[in-house]
Colleague: 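Handing you a structure now.
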2 protein chains.
Amino acid sequence: MRLTDSDLLRDLDKPEFAAVRAAFVPRRFLKGRQVFAPREVQNSLFIVAKGRARVYLSYKDKEFTMAILDVGDVYTTHTRASVEALDDLTILTAELAAVRRFLADMPALTSSMVKVLGDLLSHAFSVIDGLAFLDVRKRLIQLLLYEAERASADAEHILCFSHGLNIEQLATIVGSSRQTVSSLLNVLERDGIIEMRARGVICLPDLARLEALARE
Amino acid sequence: MRLTDSDLLRDLDKPEFAAVRAAFVPRRFLKGRQVFAPREVQNSLFIVAKGRARVYLSYKDKEFTMAILDVGDVYTTHTRASVEALDDLTILTAELAAVRRFLADMPALTSSMVKVLGDLLSHAFSVIDGLAFLDVRKRLIQLLLYEAERASADAEHILCFSHGLNIEQLATIVGSSRQTVSSLLNVLERDGIIEMRARGVICLPDLARLEALARE
DNA sequence: GCACGTTTGTCGGCAATCTGACAGACACGC
DNA sequence: GCGTGTCTGTCAGATTGCCGACAAACGTGC
């Protein structure tokens, strides 16, 4: 899930970013470990360098996944979200106060930061839009279409993507229950629109129909 | 609805902000007029100087209110949200590109900007949290408690606030239908927890009970 | 004061979804 | 290959909330 098209990870390798690069500390986490708790005291910025992370809100025994972060994605702590490592994870993290000190001298960094925050806000708007207006089925279809953009074609030219998540985790992204998402996926499969080729792998044999469903 | 505790409006009156202050153009709108359309081509920042504005998402014939902006609130266009004037409205608006040119020389402005964007993101998280986890009743109660913080006490020391909205508009904030919100408000009134004293005016004779309901 | 438009309260039917439960399928470690 | 734990599919009943409809109440302009 690429939340921002700004490439802070690559920017940090540029010579003019060398000073602020030193403020970013690599940290590693094993799959499944919590990376940040809600309301971390220290307001930090982090970039995914390797692996994937899940940003989620929790309430009682329920969770809602805000985002799955891929390599290059940037996020901030000091929100009410938790972050966990979906795979073995490496992040570069810096305290926001430290980064702020460089903003005055590095317009490119400032531009990047404002862009990143803007993109995060834009993503949050998308999430709200889906929750407010779309039913679960439509939200699921939207998620599938989003993933289709980064899917690769198999030997038979069918788009497939490996999300590596179980149904319950997909349900937390869509904002629904496991049973509902399971049921909806199976309807889509029986209709020939998707194919659940293996656990964590979905193929899209009929992308056009999926797109048509999204437009209804 | 104060989304940010940073006071950009007052900052702009300081001598060190004089240069960027010139980039902000006052614009006036009559009550009910559209201020910005979704995906405005020009990415702008605006501050409410007088009156109130509503930021909302729309889809088919439905609307979801992201925020009601009061004096001092800052927002950005180039999102998928529309903005309309709830009252006769004056805003100060500047193109983001113009503001960006001052960021390098004005660390205080950068700080303000990053803070504002951070606060907007935080507010968006709150909205998502409510939609994902809370039922309509709980969301309504949360809204009432939020408004209670800026309510004033009447002659009998009861907290009252004038939201100036009709039930349908309240429903767009809560993310529900007019009928459901109307019904819920009337239950709360019959239980003695709120009092709908006049159209657009709600009093809270039993704030403690309202708070207890929010915690259930 | 009256007419009219808007707002509000209420109802009943329907759809969407949740939830707990259970059995079958699958993956992994020994 | 077997045992075990996890995942998945499916079911039925309960819950939540939407939606269209209609009547009453209210506010505004003449």
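Letters go in sequence order (proteins before strands), and every chain restarts at 1.
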Colleague: Is a side-chain N or O of N186(B) found less than 3.5 angstrom from the main chain of S183(B), in a donor-acceptor match?
Modeller: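 Checked: no pair found.
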Colleague: Starting at atom CZ of F133(B), determine the distance to atom C1' of dT16(D), rounded to an integer number of angstrom.
Modeller: 18 Å
Colleague: Taking only N/O atoms, report every protein-nucleotides 21-23 of chain C pair under 3.5 Å with atom names and distance.
Modeller:
unit_1	atom_1	unit_2	atom_2	d
dA21(C)	N6	R178(A)	NH2	3.4

Colleague: Here's a test of your reading of the structure: between T180(A) and A198(A), which maps to the more 5' nucleotide of DNA chain C?
Modeller: T180(A)
Colleague: Can you identify which nucleotide, out of dT10(C), dT16(D), dT19(C), has its nearest atom closest to the D135(B) side chain?
Modeller: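 Side chain of D135(B) sits closest to dT16(D).
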Colleague: Name the pairs: protein N/O against N/O of nucleotides 5-7 of chain D, kept only if under 3.5 Å.
Modeller:
unit_1	atom_1	unit_2	atom_2	d
dC7(D)	OP1	N166(A)	ND2	3.3
dC7(D)	O4'	R199(A)	NH1	3.4

Colleague: For E63(A) and dC18(C), what is the distance between atoms CD and C1' respectively, to the nearest whole Å?
Modeller: 17 Å
Colleague: Could you tell me whether E63(B) and R54(B) make a salt bridge, using a distance below 4.0 angstrom between a side-chain N and a carboxylate O?
Modeller: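 Yes, E63(B) and R54(B) are salt-bridged.
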Colleague: What residue among I68(B), L86(B), T65(B) forms side chain to side chain contact (heavy atoms under 4.5 Å, CB included) with Q169(B)?
Modeller: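 Only one option passes, and that is L86(B).
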Colleague: Roughly, in whole Å, what's the span from CD in E168(A) to C1' in dT8(D)?
Modeller: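 The answer, rounded to whole Å, is 11 Å.
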Colleague: Distance-only, no hydrogens or angles: does the S176(A) side chain make a donor-acceptor pair with backbone N or O of V136(A) under 3.5 Å?
Modeller: no
Colleague: Nearest to the side chain of M196(B) - dG9(D), dT19(C), dG9(C)?
Modeller: dG9(C)
Colleague: Touch check for S177(B), heavy atoms < 4.0 angstrom, all strands: base, sugar-phosphate only, or nothing?
Modeller: sugar-phosphate
Colleague: Just call it for R137(B): base, sugar-phosphate, or nothing, with non-hydrogen atoms closer than 4.0 Å on any strand.
Modeller: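 Nothing, no heavy atom under 4.0 Å.
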Colleague: Tell me if the centroids of the rings in F64(B) and Y59(B) come within less than 6.0 Å of each other.
Modeller: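 Here the rings of Y59(B) and F64(B) have centres that are no less than 6.0 Å from each other.
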Colleague: Is there a side-chain polar atom (N or O) of S182(B) under 4.0 Å from OP1 or OP2 of dG9(C)?
Modeller: yes
Colleague: Just the rounded figure in Å: distance from C1' of dT7(C) to CG of L185(B).
Modeller: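 Between C1' of dT7(C) and CG of L185(B): 13 Å.
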Colleague: Could you tell me the separation between the NZ atom of K62(A) and the P atom of dT17(C), rounded to a whole number of Å?
Modeller: 13 Å
Colleague: Taking atom CD of E168(A) as the centre, does the number of heavy atoms from other residues, nucleotides or ligands within less than 6.0 Å exceed 12?
Modeller: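 No, because the 6.0 Å sphere around CD of E168(A) holds 12 heavy atoms or fewer from other groups.
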Colleague: Round to the nearest Å and state the distance from L184(A) atom CG to dA16(C) atom C1'.
Modeller: 10 Å
Colleague: Using whole Å, what does the distance between atom P of nucleotide dG17(D) and atom CZ of R139(B) come to?
Modeller: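 So the two atoms are 7 Å apart, to the nearest Å.
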Colleague: Indicate yes or no: does D87(B) engage R52(B) in a salt bridge with an N to O separation below 4.0 Å.
Modeller: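 The answer is yes: the pair qualifies as a salt bridge.
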Colleague: Thinking salt bridges, do R139(A) and D135(A) make one under a 4.0 Å N-O criterion?
Modeller: no
Colleague: Hey, do the aromatic rings of F46(A) and F36(A) have their centres closer than 6.0 Å?
Modeller: yes
Colleague: Hey, does S183(A) reach any base, or is it just sugar-phosphate, or nothing, if we go heavy atoms under 4.0 Å?
Modeller: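 Touches nothing.
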Colleague: Just how far, in rounded Å, is P of dT7(C) from CG of L170(B)?
Modeller: 12 Å
Colleague: Is T79(A) reaching over with its side chain to a backbone N or O of A81(A), donor-acceptor style, under 3.5 angstrom?
Modeller: yes
